[in-house]
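First the structure, in the form of C-alpha coordinates, and then the observations on it.
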Amino acid sequence: GRHLLRWVGGGWGGESAALYCRLGDRRRAGRHPGRLVWYRGGASIPAALAGLLLESTIENILRAPIIVAPLLMIMGIVLLIADRTSSHSRSLSEIRLSDAVIIGLAQTLALVPGVSRSGITMTMVLFRPMNRPDAARFSFLLSGPNGLGAFLYKMMALLSRGLPEG
(Lines give C-alpha, C1' and ligand atoms only; values in the text may rest on other atoms or scores of the structure.)
Protein backbone atom coordinates (compact mmCIF):
# COMPACT_ATOMS: atom_id res chain seq x y z
CA GLY A 1 0.00 0.00 0.00
CA ARG A 2 2.74 2.44 0.99
CA HIS A 3 4.63 1.81 -2.26
CA LEU A 4 1.49 2.36 -4.34
CA LEU A 5 0.87 5.71 -2.65
CA ARG A 6 4.48 6.73 -3.24
CA TRP A 7 4.30 5.57 -6.88
CA VAL A 8 1.11 7.48 -7.67
CA GLY A 9 1.28 10.22 -5.05
CA GLY A 10 4.80 11.12 -6.13
CA GLY A 11 3.44 11.62 -9.63
CA TRP A 12 0.72 13.98 -8.45
CA GLY A 13 3.13 16.00 -6.30
CA GLY A 14 5.84 16.09 -8.95
CA GLU A 15 3.41 17.18 -11.64
CA SER A 16 1.96 19.92 -9.47
CA ALA A 17 5.40 21.23 -8.54
CA ALA A 18 6.53 21.18 -12.16
CA LEU A 19 3.35 22.94 -13.26
CA TYR A 20 3.82 25.64 -10.65
CA CYS A 21 7.50 26.18 -11.45
CA ARG A 22 7.26 26.17 -15.22
CA LEU A 23 3.78 27.42 -16.02
CA GLY A 24 5.05 30.19 -18.26
CA ASP A 25 8.05 28.38 -19.77
CA ARG A 26 6.78 27.43 -23.24
CA ARG A 27 10.17 26.13 -24.39
CA ARG A 28 9.96 23.23 -21.97
CA ALA A 29 6.17 22.89 -21.95
CA GLY A 30 6.27 19.62 -23.89
CA ARG A 31 8.97 18.03 -21.75
CA HIS A 32 8.27 18.65 -18.07
CA PRO A 33 6.04 16.48 -15.87
CA GLY A 34 3.62 19.37 -15.30
CA ARG A 35 2.15 18.84 -18.76
CA LEU A 36 0.57 15.65 -17.39
CA VAL A 37 -1.67 17.84 -15.24
CA TRP A 38 -2.98 19.53 -18.38
CA TYR A 39 -3.22 16.26 -20.29
CA ARG A 40 -5.16 14.64 -17.44
CA GLY A 41 -7.58 17.53 -17.36
CA GLY A 42 -7.98 17.55 -21.14
CA ALA A 43 -8.42 13.78 -21.31
CA SER A 44 -11.26 14.04 -18.76
CA ILE A 45 -13.32 16.58 -20.71
CA PRO A 46 -14.84 14.25 -23.38
CA ALA A 47 -16.21 11.81 -20.79
CA ALA A 48 -17.55 14.65 -18.67
CA LEU A 49 -19.41 16.20 -21.61
CA ALA A 50 -20.74 12.84 -22.81
CA GLY A 51 -21.87 12.01 -19.28
CA LEU A 52 -23.78 15.27 -18.98
CA LEU A 53 -25.40 14.93 -22.41
CA LEU A 54 -26.22 11.21 -22.24
CA GLU A 55 -26.97 10.68 -18.54
CA SER A 56 -30.63 9.69 -18.95
CA THR A 57 -29.90 7.37 -21.89
CA ILE A 58 -27.13 5.67 -19.96
CA GLU A 59 -29.22 5.31 -16.81
CA ASN A 60 -32.44 4.15 -18.50
CA ILE A 61 -31.38 2.11 -21.54
CA LEU A 62 -27.78 0.94 -21.34
CA ARG A 63 -27.93 -0.78 -17.93
CA ALA A 64 -29.62 -3.91 -19.29
CA PRO A 65 -27.72 -7.16 -18.57
CA ILE A 66 -28.03 -8.07 -22.27
CA ILE A 67 -25.73 -5.11 -22.99
CA VAL A 68 -23.44 -5.26 -19.94
CA ALA A 69 -22.44 -8.95 -20.10
CA PRO A 70 -21.24 -9.02 -23.72
CA LEU A 71 -19.41 -5.72 -23.28
CA LEU A 72 -17.44 -7.12 -20.34
CA MET A 73 -16.25 -10.01 -22.51
CA ILE A 74 -15.58 -7.90 -25.60
CA MET A 75 -13.58 -5.29 -23.70
CA GLY A 76 -11.50 -8.01 -22.05
CA ILE A 77 -10.61 -9.38 -25.47
CA VAL A 78 -9.79 -5.89 -26.79
CA LEU A 79 -7.48 -5.29 -23.80
CA LEU A 80 -5.75 -8.62 -24.49
CA ILE A 81 -5.27 -7.66 -28.15
CA ALA A 82 -3.86 -4.25 -27.16
CA ASP A 83 -1.42 -5.85 -24.76
CA ARG A 84 -0.27 -8.52 -27.21
CA THR A 85 0.11 -6.19 -30.22
CA SER A 86 1.66 -3.18 -28.47
CA SER A 87 5.38 -2.67 -28.83
CA HIS A 88 5.42 -1.17 -25.30
CA SER A 89 8.10 1.16 -26.65
CA ARG A 90 7.04 4.49 -25.17
CA SER A 91 7.02 5.77 -21.62
CA LEU A 92 4.70 8.22 -19.92
CA SER A 93 7.35 10.92 -20.28
CA GLU A 94 6.81 10.68 -24.04
CA ILE A 95 3.04 11.22 -23.97
CA ARG A 96 1.76 13.76 -26.48
CA LEU A 97 -1.35 15.91 -26.57
CA SER A 98 -2.76 13.70 -29.34
CA ASP A 99 -2.39 10.68 -27.03
CA ALA A 100 -4.30 12.45 -24.25
CA VAL A 101 -7.11 13.46 -26.63
CA ILE A 102 -7.51 9.93 -28.03
CA ILE A 103 -7.40 8.39 -24.55
CA GLY A 104 -9.97 10.94 -23.38
CA LEU A 105 -12.29 10.10 -26.25
CA ALA A 106 -11.93 6.39 -25.47
CA GLN A 107 -12.91 7.06 -21.86
CA THR A 108 -16.37 8.11 -23.01
CA LEU A 109 -17.01 4.41 -23.70
CA ALA A 110 -16.66 3.78 -19.97
CA LEU A 111 -19.95 5.58 -19.45
CA VAL A 112 -21.60 2.46 -20.83
CA PRO A 113 -22.03 -0.14 -18.08
CA GLY A 114 -19.81 -3.11 -18.81
CA VAL A 115 -16.91 -0.98 -20.00
CA SER A 116 -14.31 -0.41 -17.31
CA ARG A 117 -12.89 3.11 -17.18
CA SER A 118 -9.46 1.87 -16.18
CA GLY A 119 -9.69 -0.99 -18.66
CA ILE A 120 -10.52 1.22 -21.64
CA THR A 121 -7.88 3.74 -20.59
CA MET A 122 -5.18 1.08 -20.30
CA THR A 123 -6.28 -0.45 -23.60
CA MET A 124 -5.97 2.84 -25.44
CA VAL A 125 -2.65 3.70 -23.76
CA LEU A 126 -1.29 0.31 -24.88
CA PHE A 127 -2.52 0.96 -28.42
CA ARG A 128 -0.55 4.26 -28.32
CA PRO A 129 2.11 1.98 -27.64
CA MET A 130 3.20 2.73 -24.09
CA ASN A 131 4.65 0.26 -21.65
CA ARG A 132 2.42 -1.57 -19.17
CA PRO A 133 3.49 0.19 -15.93
CA ASP A 134 2.97 3.63 -17.49
CA ALA A 135 -0.37 2.55 -18.96
CA ALA A 136 -1.52 1.57 -15.47
CA ARG A 137 -0.12 4.75 -13.96
CA PHE A 138 -1.77 7.07 -16.49
CA SER A 139 -5.05 5.22 -16.05
CA PHE A 140 -4.81 5.67 -12.29
CA LEU A 141 -3.88 9.34 -12.64
CA LEU A 142 -6.95 9.90 -14.84
CA SER A 143 -9.23 8.41 -12.19
CA GLY A 144 -8.81 11.52 -10.00
CA PRO A 145 -10.41 14.15 -12.26
CA ASN A 146 -13.11 11.73 -13.44
CA GLY A 147 -14.04 10.55 -9.98
CA LEU A 148 -14.01 14.03 -8.51
CA GLY A 149 -16.12 15.41 -11.36
CA ALA A 150 -18.72 12.64 -11.06
CA PHE A 151 -18.85 13.06 -7.28
CA LEU A 152 -19.35 16.83 -7.49
CA TYR A 153 -22.01 16.48 -10.17
CA LYS A 154 -24.00 13.92 -8.17
CA MET A 155 -23.63 15.94 -4.96
CA MET A 156 -24.92 19.09 -6.67
CA ALA A 157 -27.91 17.14 -8.00
CA LEU A 158 -28.58 15.67 -4.56
CA LEU A 159 -28.35 19.05 -2.87
CA SER A 160 -30.65 20.70 -5.40
CA ARG A 161 -33.33 17.96 -5.17
CA GLY A 162 -32.89 17.03 -1.55
CA LEU A 163 -32.89 13.59 -0.03
CA PRO A 164 -35.72 11.23 -0.99
CA GLU A 165 -38.34 10.41 1.60
CA GLY A 166 -37.88 7.32 3.72
Hydrophobic cluster identity match, [X] and [Y], side-chain contacts under 4.5 Å:
X: Ile77; Y: Leu80; result: no
X: Val112; Y: Ile66; result: yes
X: Ile45; Y: Leu97; result: no
X: Ile102; Y: Leu126; result: no
X: Val101; Y: Leu92; result: yes

In the structure I gave you, are the side-chain heavy atoms of [X] and [Y] within less than 4.5 Å of one another anywhere?
X: Met122; Y: Val125; value: no
X: Arg128; Y: Glu94; value: no
X: Ser86; Y: Met130; value: no
X: Arg117; Y: Leu142; value: yes
X: Leu71; Y: Pro113; value: no
X: Met124; Y: Gln107; value: no
X: Leu36; Y: Ile95; value: yes
X: Tyr39; Y: Leu141; value: no

Compare every heavy atom of [Y] with every heavy atom of [X], then report the nearest pair and how far apart it is.
X: Pro46; Y: Gly104; result: CB-O, 3.6 Å
X: Ser91; Y: Asn131; result: CA-ND2, 3.7 Å
X: Leu111; Y: Ala50; result: CD1-CB, 3.5 Å
X: Val68; Y: Leu62; result: CG2-O, 4.1 Å
X: Ile67; Y: Ile61; result: CD1-O, 3.9 Å
X: Gly119; Y: Leu79; result: O-CD1, 4.3 Å

Roughly how far, to the nearest 0.5 Å, is the [atom2] atom of [Y] from the [atom1] atom of [X]?
X: Asp83; Y: Phe127; atom1: CG; atom2: CZ; value: 10.0 Å
X: Thr108; Y: Leu49; atom1: OG1; atom2: CG; value: 10.5 Å
X: Arg90; Y: Asp99; atom1: CZ; atom2: CG; value: 4.0 Å
X: Met75; Y: Thr123; atom1: CE; atom2: OG1; value: 5.5 Å
X: Ser44; Y: Ile103; atom1: OG; atom2: CD1; value: 11.0 Å
X: Leu54; Y: Asn60; atom1: CG; atom2: CG; value: 12.0 Å

Query raised in the report: Donor-acceptor pair, Arg40 side chain versus Pro145 backbone, under 3.5 Å?
Result: no
Query raised in the report: Does any N or O in the side chain of Asn146 come within less than 3.5 Å of the main-chain N or O of Ser143, such that one atom is a donor and the other an acceptor?
Result: no
